Amino acid sequence: MKKLLINGEWIETKDYQALYSPFSQEKIADIPKADEKDVNAAISAAYEARGKMAKVPAHERATILEKLVDLISENKEECARLIALESAKPLKTARGEVARTIMTYKFAAEEARRINGETIPMDAAPGGEDRIAYTMKQPVGVVAAITPFNFPMNLVAHKVGPAIAAGNTVVLKPASQTPLSAYFIAELLQKAGLPNGALNVVTGSGRTVGEQLVTDERVKKVTFTGSPEVGIGIRNKSGLKKVTLELGSNSALIVDEGVDIDAMIDRAVMGAFANAGQVCISIQRTYIHESIFDEFVEKFVAKVQQLKLGDPLHEDTDLSALIAPDEADRVLEWINEAVEQGATLATGGEKEGNMLQPTVLLQAGEDLKVSCQEIFGPVVILNKVASIDEAIKRTNDSEYGLQAGIFTNDLSKALEAAEVLEVGGVMINDIPTYRVDHMPYGGVKNSGTGREGIKYAIEDMTELKLVVIKK
Ligand code: NAP
């Protein structure tokens, strides 16, 4: 039975909800359902602690984060096991997430030491003579962090890490299906010496807990990763708070003529099927030059058929269950609709128990759900194009714009793609799924607003204050 973390104390609630493994459907924990009073207490604790936290010197904030890095490193396997258990992410992929989480907190520790303002040349304007001015970046105060299920540890790190680095306090609401790894990190942060009230963790329904966080006046910044539908609702309710939204996508990969398919095919398969496609930058659409289309399809499908479905806790599993049984049914419906409307099913397309086979569709129309909405499942579409211009046009014909990838040997085509693709990040000679944790990361269009990647997240978790001194 888990407890809420409020003001440094582990608190029981009136109501609990059973948490089930998405793979086995066995009960794995009882999770507290915070009520209005609990959420209010968590916000109050963060609000009261904000002055104390703002005064913790940068080197101490960095040291706390460095200790957290050590503690996660000592408990790597436990972290990976928790992620695999609660989210059905295969163990080998979960280990990758833990390694990235460590890097994210390492970068946060480093950034804590270099949050600085600048001096302003006041005499550049008439009336500015005899004045010295400088800016400082001060913590905003209380940050509400709302996180999704698909990277339950690293996406918490992308919010808690920069918030602490900048001297803020946090109320964290993890996804209802994946609270265990968040609670574990909170325990480790306590051990690392984080002051009471600096991190509070509340679990419960997104609609109630989340809405209360987003509408409370004492919260100054909302950082959200999740679906566009919820993100847009949050934006509309947040008033004047700073808001960062990291939302979904239907990311595209473009493959030009003359590309060495053998050299990139494994990455393409990984980009489409890692975590059963439940990745915001999962490859969903591919646009492949007609001169290599047949070879690409043959080699891609052969690799996909080698992927192993199974228990997320088994060492050799590549794909496991989706986050919920009705998700597998939804994705299957979309696949069937695509096939009925003329797409070719090259492999997959069936459920195995509560798992969905990795599925490849060929030549799916742009109006189909599998093309224009976010699938968030183990499905990829391979489309044939006559030119890179056509591929770029079709990539941009989307309401989303998170990242895109283009493989080409032609520098001018690569640079043209970099310029005109409507996304937050263009990966040249790599898949759109590429991410390391200090790079600026975020989307345009319905994929969100704002950027993460520690340094960039800190920009929006601090207030710029100007000081002008008249000599
Ligand atoms: P989700 O359903 O939008 O939930 C995300 C979080 O929001 C959860 O903690 C959820 O709580 C909470 N929530 C739900 N309703 C809310 C409300 N009305 N107000 C405030 N909070 C609310 O998303 P998900 O299914 O967990 O995650 C999948 C989505 O995340 C996909 O669209 C994916 O592309 C996106 N994503 C984006 C990025 C990125 O960096 N751009 C990264 C990863 C994932 P409950 O769990 O209790 O409902």
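Counting starts at 1 for both ligands and their atoms, following the listed order. In this chain, residues are counted from 1 in sequence order. The shown structure was predicted, so the numbers you read here are calculated from the model rather than taken from an experiment.
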Review point. Given side chains that start at C-beta, do those of Ile146 and Lys159 come closer than 4.5 Å, heavy atoms only?
Key: no
Practice item. May I ask you to list the atoms of ligand 1 that are less than 4.0 angstrom from any heavy atom of Lys173? Key: 9 (O), 11 (O), 45 (P), 47 (O)
Review point. Does an N or O anywhere in Leu247 fall below 3.5 Å from an N or O of ligand 1?
Key: yes
Practice item. Give a yes/no verdict on whether any heavy atom in Gly443 is under 4.0 Å from an atom of ligand 1. Key: no
Exercise for review: Find all atoms of ligand 1 within a distance of less than 4.0 Å from any non-hydrogen atom belonging to Ser176, and give their numbers and elements.
Suggested key: 45 (P), 46 (O), 47 (O)
Practice item. Can you pull out the closest protein heavy atom to atom 8 (C) of ligand 1? Residue, atom name and distance to 0.1 Å, please. Key: Thr147 O, 3.3 Å
Review point. Looking only at N/O atoms, are Gln177 and ligand 1 under 3.5 Å apart anywhere?
Key: no
Exercise for review: Report the part of Ile234 (side chain from C-beta onward, or backbone N, CA, C, O) that has a heavy atom under 4.0 Å from ligand 1; answer both or neither where that applies.
Suggested key: side chain
Revision key, fill the gap. Counting from 1 in the order shown, the ligand 1 atoms closer than 4.0 Å to a non-hydrogen atom of Thr225 are 5 (C), 36 (N), 37 (C), 38 (C), 39 (C), 40 (O), 42 (C), 43 (C), 44 (C)
Exercise for review: Verify side-chain hydrogen bond (donor to acceptor under 3.5 Å, both in side chains) between Ser181 and Glu86, making sure each step is shown before the conclusion.
Suggested key: CA-CA 8 Å; Ser181 48; Glu86 65 182 359; 2.5 Å; yes
**Study point:** Proximity of Ile146 to ligand 1 by residue part, where a heavy atom lies under 4.0 Å
**Key:** side chain
Review point. Regarding Arg100 and the six-membered ring of Phe151, is the cationic atom NZ or CZ under 6.0 Å from the ring centre and inside 45° of its axis?
Key: yes
Check your understanding: Hey, is Pro174 one of the residues with a heavy atom under 4.0 angstrom from ligand 1?
Key -> yes
Exercise for review: Distance to 0.1 Å, residue and atom name: give those for the protein heavy atom nearest to atom 32 (O) of ligand 1.
Suggested key: Glu374 OE1, 2.6 Å
Exercise for review: Indicate, as side chain, backbone, both or neither, the part of Leu155 found under 4.0 angstrom from ligand 1 when only non-hydrogen atoms are considered.
Suggested key: side chain
Check your understanding: Atoms of ligand 1 less than 4.0 Å from Ser205 heavy atoms?
Key -> 47 (O)
Study note, to complete from the structure: At under 4.0 Å between heavy atoms, what of Gln278 touches ligand 1? The answer is neither
Check your understanding: Does Asn150 have a heavy atom less than 4.0 Å from any atom of ligand 1?
Key -> yes
Review point. If hydrogens are left out, which of Pro148, Ala182, Gly226 has an atom nearest to atom 35 (C) of ligand 1, that is, the closest non-hydrogen atom?
Key: Gly226
Check your understanding: Can a protein heavy atom be found under 4.0 Å away from atom 3 (O) of ligand 1?
Key -> yes
Review point. What is the nearest protein non-hydrogen atom to atom 13 (N) of ligand 1, stated with its residue, atom name and distance?
Key: Gly206 CA, 3.5 Å
Review point. So is there a nitrogen or oxygen of Ser447 less than 3.5 Å from a nitrogen or oxygen in ligand 1?
Key: no
Check your understanding: Among all protein non-hydrogen atoms, which one is nearest to atom 40 (O) of ligand 1, and what is the separation to 0.1 Å?
Key -> Tyr441 CE2, 3.2 Å
Exercise for review: Report the relative orientation of the aromatic rings in Phe149 and Phe376; use parallel for angles under 30°, tilted for 30 to 60°, perpendicular for over 60°.
Suggested key: perpendicular
Point to revise | Whether Phe376 lies under 4.0 Å from ligand 1, heavy atom | key: yes
